[in-house]
There are 2 protein chains.
Amino acid sequence: MSAGAGKQALDQQAFINAALSVISDVGVEKISMRRVAAVLSVSPMAVYKHFSSKEELLTAALDEFISRSDVFPDASLPWEQWMEHVVRAMYAALASEISWVPVLGSLRLGENVTVVIDAFIEKLTGAGFTPEQSLQAFFSVIQLVIGAVCMKSSLQGALTPEGDAQVSPLTRAYLENPSARRLEIAPLFNTVVQAAPLDHSLPLLIEGLRSRLT
Amino acid sequence: MSAGAGKQALDQQAFINAALSVISDVGVEKISMRRVAAVLSVSPMAVYKHFSSKEELLTAALDEFISRSDVFPDASLPWEQWMEHVVRAMYAALASEISWVPVLGSLRLGENVTVVIDAFIEKLTGAGFTPEQSLQAFFSVIQLVIGAVCMKSSLQGALTPEGDAQVSPLTRAYLENPSARRLEIAPLFNTVVQAAPLDHSLPLLIEGLRSRLT
DNA sequence: ACCTGAACACCGTTCAAGT
DNA sequence: ACCTGAACACCGTTCAAGT
């Protein structure tokens, strides 16, 4: 917009993009105002012209991340399949940028979440649920996604290196004080822990919802 | 143990207790090695004789927190009620020390979680579920608790001051771009958001489980 | 308006040293 | 063995100043 001075003023979006690129490089836990500024070759203090704190920048970055995740399937699917797709897409998005997980509980949810809510209510009311049931279903489902992704990140020990016997830390803790019962359970334990967390909880929830409908 | 030199050597437990007291004073997000050391009137570096990093100290502190939470009700309750009690007790414990929530996804689960698992499997297999179903039910339930407590902490804007109209930040975001649909939903919105998150999701899950049993 | 530089009050962690 | 002191390489944020 300005004259050809080479460097036009940066806007909020530029800092949000920079923040997301830092996050995908080093993770949310290592992002810093200095790093974000460095991506834009700008002084660390420039960020404060656009966001009043690190938390505000992260809140905006999370909202942008959500809007880029694009979770909606074909609208013509029956509600059970539509919901399963949306939930799995949310889970996949968060699992692909797992470092968001620890801060999910401390950041405000923003504008783009409301778009997802609208779609959810539209679909479920169309299927015969009341608006209230639909809204409650949405929050139940979000709970499951967040919980699942927390489980995933806390059950597998942060970085599982390549080879290794692939025994999760919790499985190891479980077998440190063995008992008759534990030895009986142990074979199940590792497979259940390693399974995709949504595979059991999501069908349970959908079944619960279906039983409300009829 | 040593002579009456006034100050016997500190053990791991002393540092864990100090960490928990710092957490209950200032929250997990503000704990630091220096603060923990200060509680014990000791050099910050003393902590490293017992824990090799801050993360290890936090992992031990979380495990201790879990063991103190004491979630088990009367064993004679039918499984649905037993489970509802355990889940609500877990939720209440985490809600009372809400600052744990953000780190739940990044800390390893420790020994004391395995005790809870054992009790869960015992109860559910006694009610007719297979060991595998019981274990999966446990993880589904943990997902719900973690998700619910994340929702709670991220839906209410960190600190809701006393009076105020009590409109959650998400509700406000929802009404910033109103539409016919949104105005219709709005009255529900705030009440659903403010409700205890488990009140809807937990019955759904239990209903789903019950339908598996028969 | 937007950005910079220096400074303040903190961090986690290492290392050599004390008793 | 257990703890200390000083130091290193970082943080978020404030403030006065530059253009």
Side-chain angles (χ1 to χ4, degrees), chain A residues 1-23 25-62 99-100 102-103 106-108 158-159, chain B residues 1-23 25-62 99-100 102-103 106-108 158-159:
Chain A
M1 274 302 175
S2 70
K7 204 180 213 168
Q8 63 251 59
L10 297 165
D11 58 354
Q12 290 207 47
Q13 192 59 50
F15 287 96
I16 292 174
N17 293 342
L20 286 175
S21 100
V22 170
I23 287 167
D25 282 357
V26 302
V28 173
E29 68 282 1
K30 286 203 182 118
I31 197 180
S32 73
M33 300 304 246
R34 284 165 169 88
R35 271 197 225 246
V36 172
V39 169
L40 300 170
S41 307
V42 109
S43 140
M45 298 314 110
V47 189
Y48 286 89
K49 267 294 131 184
H50 302 274
F51 300 91
S52 66
S53 68
K54 181 185 180 181
E55 192 187 332
E56 220 175 80
L57 174 60
L58 276 182
T59 300
L62 176 58
S99 77
W100 275 117
V103 300
S106 63
L107 255 33
R108 281 198 310 117
L159 336 153
Chain B
M1 273 299 176
S2 70
K7 205 179 212 169
Q8 62 251 59
L10 297 165
D11 58 354
Q12 290 206 49
Q13 191 59 50
F15 287 96
I16 292 174
N17 293 342
L20 286 174
S21 99
V22 170
I23 288 168
D25 282 359
V26 302
V28 173
E29 69 281 2
K30 284 202 183 120
I31 197 179
S32 73
M33 301 303 245
R34 283 164 169 90
R35 270 197 226 245
V36 172
V39 169
L40 300 169
S41 307
V42 108
S43 141
M45 298 314 111
V47 190
Y48 285 89
K49 266 294 128 180
H50 302 275
F51 300 91
S52 66
S53 68
K54 181 185 181 182
E55 192 187 334
E56 219 175 80
L57 174 61
L58 276 183
T59 299
L62 177 58
S99 78
W100 275 117
V103 299
S106 62
L107 254 33
R108 281 199 308 117
L159 336 152

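Scope of the values below: all heavy atoms of this structure, side chains included, with no hydrogens, waters or symmetry mates. Throughout, protein chains are lettered first and strands after them, A, B, ... in sequence-line order, and every chain is numbered starting at 1.
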Under the side-chain contact (heavy atoms from CB on, under 4.5 Å) criterion, do A/I31 and A/K54 qualify, and how do the steps go?
-> CA-CA 9 Å; A/I31 197 180; A/K54 181 185 180 181; 3.9 Å; yes
Derivation and outcome, side-chain contact (heavy atoms from CB on, under 4.5 Å), residues A/I16 and A/F51 = CA-CA 10 Å; A/I16 292 174; A/F51 300 91; 3.8 Å; yes
Find every protein N or O atom lying less than 3.5 Å from an N or O atom of nucleotides 12-17 of chain D, and list the pairs.
residue	atom	partner	partner atom	Å
D/dG12	OP1	A/M33	N	3.4
D/dG12	OP1	A/K54	NZ	3.2
D/dG12	OP2	A/M33	N	3.1
D/dG12	N7	A/R34	NH1	2.5
D/dG12	O6	A/R34	NH2	3.1
D/dT13	OP2	A/Y48	OH	2.8
D/dT13	OP2	A/K54	N	3.0
D/dT13	O5'	A/Y48	OH	3.3

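At whole-Å resolution of the value, CD in A/Q12 and P in C/dC3 are 12 Å apart. Atom CG of B/L40 is separated from atom P of D/dT4 by 10 Å (rounded to the nearest Å). Following rounding to the nearest Å, B/E29 (CD) and D/dC11 (P) show an atom-to-atom distance of 20 Å. The nearest whole Å value for the distance from the NZ atom in B/K30 to the C1' atom in D/dC11 is 15 Å. Atom CG in A/D11 sits roughly 15 Å away from atom C1' in C/dC3 (whole-Å rounding).
Here the closest heavy-atom approach between residue B/M33 and residue B/S53 is recorded as CE-C, 3.8 Å. The minimum heavy-atom distance linking A/E29 with A/S99 is given by the pair OE1-CB, 3.4 Å. When all heavy atoms are compared, the tightest approach of B/V47 to B/A37 is CG2-CB, 4.3 Å.
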Fill in the dot-bracket string of DNA chain D, one character per base: . for unpaired, | for a pair to another strand, ( ) or [ ] for pairs within the strand, taking Watson-Crick or G-U pairs under 3.5 Å.
-> ||.|||||...|||||.||
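A/R35 places a side-chain N or O within 3.5 Å of a backbone atom of A/K30 that can act as its donor or acceptor partner.
The one candidate from B/L62, B/V22, B/V103 that meets the side chain to side chain contact (heavy atoms under 4.5 Å, CB included) condition with B/V28 is B/V103.
Judged as a side chain to side chain donor-acceptor pair (under 3.5 Å), the pairs with a partner in residues 13-22 of chain A (not counting sequence neighbours) are, in order, A/Q13-A/N17, A/N17-A/R68.
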